[in-house]
Amino acid sequence: MRKIVLLALLCFALKVQAQQEAMYTQYMFNQLVLNPAYAGIHDAINASMLWREQWVGFEGAPSTQVISAHSPISSRPISMGLTFLRDKIGVTTNHGVNLAYAYRIPITRKMKLSLGLQGNFHNYQTAFNTDALNDPALANGNLNVMKINFGTGAMLHTDKFYLGLGIPRILNQKLDPSNPDSQSELVRHYFLTAGYVFPLSRDLMIKPNLLWKATTGAPSQ
């Protein structure tokens with residue numbers, strides 16, 4: 001029975017694309033990795049660390065670590081941010097450094113529009129000839145490349161509300177341009193975030209948050 005199912009899957013195999021950016025659950029506490037315009041939004045020095053383990057107990061399961069810090073620069077309307085990340089799934093590992101810059105424009109007395117830019121430096125590695133997956137036929141598929149990219153974003157915010165759109169990487173890039181047969185490509189992702197604070201009482205507030213993600217070749221989430 002298993003052989004029949006496997007044969008059927010092979011007969012109907014199609015090219016599949018999926019989201020390549022790391023998956024975050026507590027994104028509302030670490031939005032700098034999604035949108036450079038988030039830098040300095042709290043008008044204070046801010047630092048955070050995120051560690052996510054998905055499908056614990058399964059070999060090759062996704063594992064993501066992010067350390068970020070951002071702050072306004074003195075009394076100027078500019079802010080800077082720095083993010084270090086590591087994202088591993090299966091035989092693929094991504095190490096990255098993002099340097100963000102944001103400029104905040106007053107719209108009203110309480111509302112500001114933040115515009116952000118960032119530079120990205122990422123190292124992508126694939127290792128098929130590991131102890132867990134030691135197949136000499138796949139050894140030529142090993143990859144170790146450095147990619148430089150740029151990101152942008154905008155965020156409208158007050159003390160109780162925010163609405164932002166971030167594009168962490170603008171350029172679509174082939175992972176292995178030296179191989180004309182390779183179809184591995186890094187594609188542009190869009191992240192729309194929003195949140196609002198509802199005061200329930202003098203001492204209690206609730207803040208619903210929304211994250212919408214979209215990219216080419218995969219359903220939006």
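The figures here come from the full heavy-atom set of this structure, side chains too, leaving out hydrogens, waters and symmetry mates.
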What side-chain donor-acceptor pairs closer than 3.5 Å can you find for residues 32-44, not counting sequence neighbours?
unit_1: Asn35; atom_1: OD1; unit_2: Ala37; atom_2: N; d: 2.9
unit_1: Asn35; atom_1: ND2; unit_2: Ala154; atom_2: O; d: 3.3
unit_1: Asn35; atom_1: ND2; unit_2: Leu165; atom_2: O; d: 3.3
unit_1: Tyr38; atom_1: OH; unit_2: His42; atom_2: NE2; d: 3.0
unit_1: Asp43; atom_1: OD1; unit_2: Arg104; atom_2: NH1; d: 2.5

4.5 Å side-chain heavy-atom contact, Leu175 and Val145: yes
task: Mark yes or no for whether His189, through its side chain, and Val187, through its backbone, hold a donor-acceptor pair below 3.5 Å.
output: yes
- prompt: Which atom pair, heavy atoms only, marks the closest approach of Ile78 to Tyr103?
  reply: CG2-CD1, 3.4 Å
- request: Using a cut-off of 6.0 Å, state whether more than 12 heavy atoms not belonging to Asn144 lie near its atom CG.
  value: yes
task: First locate atom CG of Leu186, then atom CD of Gln173, and finally report the distance between them rounded to the nearest 0.5 Å.
output: 6.0 Å
Given Asn120, Asn149, Leu82, the one that forms side-chain contact (heavy atoms from CB on, under 4.5 Å) with Asn98: Asn120
- prompt: Atom OH in Tyr196, atom NZ in Lys160: separation rounded to 0.5 Å?
  reply: 6.0 Å
query: Less than 4.5 Å apart, any side-chain heavy atom of Tyr101 and any of Ser79?
result: no
task: Hey, could you give me the OH/OG1 distance between Tyr27 and Thr193, rounded to the nearest 0.5 Å?
output: 8.0 Å
field: Interatomic distance, Leu115 atom CG to Thr152 atom OG1 [nearest 0.5 angstrom]
entry: 7.5 Å
task: Can you see which heavy atom on Ile89 is nearest to which on Pro62, and at what distance?
output: CD1-CG, 3.7 Å
message: Between Met111 and Ile105, is there shared hydrophobic-cluster membership here, with clusters defined by ILVMFWY side-chain heavy atoms closer than 4.5 Å?
response: yes
message: Tell me whether Thr215 contacts the main-chain N or O of Arg188 through its side chain, where contact means a donor paired with an acceptor under 3.5 Å.
response: yes
message: For a 4.5 angstrom cut-off between non-hydrogen side-chain atoms, does Gln118 reach Pro168?
response: yes
Rounded distance (nearest 0.5 Å) linking atom CH2 of Trp51 with atom OG1 of Thr64: 10.5 Å
task: Under the side-chain contact (heavy atoms from CB on, under 4.5 Å) rule, what do Leu85 and Gln65 come out as? Steps first, then yes or no, please.
output: CA-CA 6 Å; Leu85 65 91; Gln65 296 81 43; over 6 Å; no
- prompt: Does Ile45 CD1 have over 12 foreign heavy atoms under 6.0 Å away?
  reply: no
- request: Identify whether Phe29 and Val66 are in the same connected component of the hydrophobic contact network (ILVMFWY, side-chain heavy atoms under 4.5 Å).
  value: yes
- prompt: Around Phe161, counting heavy atoms of other residues, nucleotides and ligands shown, do more than 12 lie under 6.0 Å from its CZ?
  reply: yes
task: Let me see the working for Leu192 and Leu163 under side-chain contact (heavy atoms from CB on, under 4.5 Å), right down to the final yes or no.
output: CA-CA 8 Å; Leu192 179 68; Leu163 174 65; 4.1 Å; yes
Which atom of Ser63 lies closest to which atom of Glu53, heavy atoms considered: OG-OE2, 2.8 Å
field: Audit row: Met80, Ile73, side-chain contact (heavy atoms from CB on, under 4.5 Å) steps and yes/no
entry: CA-CA 7 Å; Met80 300 293 290; Ile73 305 300; 3.7 Å; yes
- request: Calculate, to the nearest 0.5 Å, the distance between atoms NZ and CD1 belonging to Lys112 and Ile107 respectively.
  value: 11.0 Å
- prompt: Should Ser48 and Ser68 be marked as a side chain to side chain donor-acceptor pair (under 3.5 Å) after you check the CA-CA gap, both sets of side-chain angles, and the distance that decides it?
  reply: CA-CA 6 Å; Ser48 63; Ser68 65; 3.0 Å; yes
Please tabulate, for the side chains in residues 201-211, all donor-acceptor contacts under 3.5 angstrom to protein atoms that are two or more places apart in sequence or on a different chain.
unit_1: Ser201; atom_1: OG; unit_2: Asp203; atom_2: N; d: 3.4
unit_1: Ser201; atom_1: OG; unit_2: Leu204; atom_2: N; d: 3.2
unit_1: Asn209; atom_1: OD1; unit_2: Tyr162; atom_2: OH; d: 2.7
unit_1: Asn209; atom_1: ND2; unit_2: Lys207; atom_2: O; d: 2.8

statement: Note: Ala61 and Trp55 closest approach over all heavy atoms is CB-O, 3.3 Å
query: Which pair of heavy atoms, one from Ser114 and one from His157, lies closest together, and at what distance?
result: CB-NE2, 4.1 Å
- request: Check the pair Asn94 / Asn123 against side chain to side chain donor-acceptor pair (under 3.5 Å), numbers first and verdict last.
  value: CA-CA 6 Å; Asn94 170 26; Asn123 175 250; over 6 Å; no
Hydrophobic cluster membership, Met155 vs Met28, 4.5 Å side-chain cutoff: yes
- prompt: So, for His122 and Met146, which heavy atoms are closest and what is the spacing to 0.1 Å?
  reply: O-SD, 3.1 Å
